[in-house]
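What's counted below: heavy atoms across the whole structure, side chains too, no hydrogens, waters or symmetry copies. The structure presented is a predicted model; accordingly, all values stated were derived computationally and were not measured.
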Amino acid sequence: MKKRKNFKSKKSLPYGFKMKRRQKYPRIVLFSYRASKNTPNKTKKIAHNYSYKNFSYSISYGANFSKSLFWGTQFNKVTCRYCQFNNAKFFAVTFINCNFRGCKFKGALFQNCLFKHCKFSKSSFLYAKFNHTFFVGNRPQKIKCKNLPNEIDVEEVKFLRDLSPKGLKIFLTKENIIRLRQEYSTAEIADGVNLMRCKRIEVKDLSYLFKFINLAHNQKINRYCSDVIKP
């Protein structure tokens, strides 16, 4: 018996109508919304944990993300206009081509973050703290932050890239290694890479390495303490 061929059925549209063009970048519905003054706090996303969430290509107007946690959250071409990030905490976040027009970051904490070519018109960073955080391109006014250094030993970059697995090599660029070296030594970074290789962690972002460097450091301290306490 002959097998029937599977033909793809095309939807027929009424006369005068055209098929809707597919959006170039898929919009993330969860983070693309408008918030009014009468919106309750539950829908304003206050004090939520957004660790490892993807905000890329999202559009938010008047949203309130105050007291929220952002660890390794992806911010790529994000538009946040007149949003509130008061007392929020950002750890190992890379902001790329983001627009923070009119946003408020009062009392926010930025640890090991990087801003690349972002817009900060009419934004406020009053009492915000920046620890090992750097800016490339535009930077907000009245903020004392260093630009990302450019110089690093070539052999050091080669050593870390050869040591790391394939999934991590993509993120261990010269720029990211400079970020890591501002807080950690080469030996501490190597310990974090080795711990990730032992646990076979699938790396999706540089923020994973920040976490495992701290884990490897804590394990060393625990081993040292246990050896000292032994009779």
Colleague: In sequence, state the C-alpha distance, the side-chain angles, and the governing distance for Leu69 and Ser51, and then conclude on side-chain contact (heavy atoms from CB on, under 4.5 Å).
Modeller: CA-CA 7 Å; Leu69 176 63; Ser51 298; 3.9 Å; yes
Colleague: Checking the side chain of Ser68 only, and the main-chain atoms of His48 only, is there a donor and an acceptor separated by less than 3.5 Å?
Modeller: yes
Colleague: Is there a donor-acceptor contact under 3.5 Å from the side chain of Ser123 to the main chain of Phe120?
Modeller: yes
Colleague: Mind checking whether Leu209 and Ile213 have side chains closer than 4.5 Å, heavy atoms only?
Modeller: yes
Colleague: State, with a plain yes or no, whether a side-chain heavy atom of Val136 is found less than 4.5 Å away from one of Leu114.
Modeller: yes
Colleague: If you take all heavy atoms of Phe70 and Ala88, which pair is closest and at what distance?
Modeller: CE1-CB, 4.1 Å
Colleague: Please check: side-chain N/O of Ser60 versus main-chain N/O of Cys80, any donor-acceptor pairing under 3.5 Å?
Modeller: no
Colleague: Do Phe55 and Tyr50 have ring centres separated by under 6.0 Å?
Modeller: yes
Colleague: Going from CG on Asn76 to CD1 on Ile96, what distance comes out if it is rounded to the nearest 0.5 angstrom?
Modeller: 5.0 Å
Colleague: Could you tell me whether the side chain of Met196 reaches within less than 4.5 Å of the side chain of Tyr208, counting heavy atoms only?
Modeller: yes
Colleague: When you measure from the side chain of Arg181 to the backbone of Tyr184, do you find a donor-acceptor pair of N or O atoms at a distance under 3.5 Å?
Modeller: yes
Colleague: Which atoms form the tightest heavy-atom contact between Ala216 and Leu195, and what is the distance?
Modeller: N-CD2, 3.8 Å
Colleague: Going by side-chain heavy atoms closer than 4.5 Å, which hydrophobic residues are tied to Tyr127, directly or by a chain of links?
Modeller: Leu126
Colleague: Rounded to the nearest 0.5 Å, what separates atom CD1 in Ile177 from atom OG1 in Thr186?
Modeller: 9.0 Å
Colleague: Just to verify, which of Arg179, Glu175, Gln74 counts as forming a side-chain hydrogen bond (donor to acceptor under 3.5 Å, both in side chains) with Thr94?
Modeller: Arg179
Colleague: State the CG-CG distance between Asn86 and Asn64, to the nearest 0.5 angstrom.
Modeller: 7.0 Å
Colleague: Are Leu215 and Leu206 connected into the same hydrophobic cluster when the rule is that any two of I, L, V, M, F, W, Y join if their side-chain heavy atoms are below 4.5 Å apart?
Modeller: yes
Colleague: Nearest 0.5 Å please: distance from the CD atom of Gln84 over to the NZ atom of Lys67.
Modeller: 11.5 Å
Colleague: Taking side-chain contact (heavy atoms from CB on, under 4.5 Å) as the test, write out the residues that go with Glu183, two or more places apart.
Modeller: Gln111, Asn112, His132
Colleague: Less than 3.5 Å apart, which donor and acceptor atoms pair up between the side chains of residues 97-109 and the rest of the protein, not counting sequence neighbours?
Modeller:
residue	atom	partner	partner atom	Å
Asn99	OD1	Arg101	N	3.2
Arg101	NH1	Ser121	OG	3.2

Colleague: Mind listing the closest non-hydrogen atom pair of Cys83 and Gly62 along with its distance?
Modeller: SG-N, 3.9 Å
Colleague: Could you check if a side-chain atom of Ser66 sits within less than 4.5 angstrom of a side-chain atom of Asn87, using non-hydrogen atoms only?
Modeller: no
Colleague: For Thr133 and Phe110, work out which heavy atoms get closest and say how close.
Modeller: OG1-O, 3.0 Å
Colleague: In the structure I gave you, are the side-chain heavy atoms of Cys113 and Phe134 within less than 4.5 Å of one another anywhere?
Modeller: no
Colleague: Taking the side chain as every heavy atom from C-beta outward, state whether Trp71 and Phe90 have any pair of such atoms under 4.5 Å apart.
Modeller: no
Colleague: Rounded to the nearest 0.5 Å, what separation is found between the CZ atom of Phe75 and the CZ atom of Phe95?
Modeller: 5.0 Å
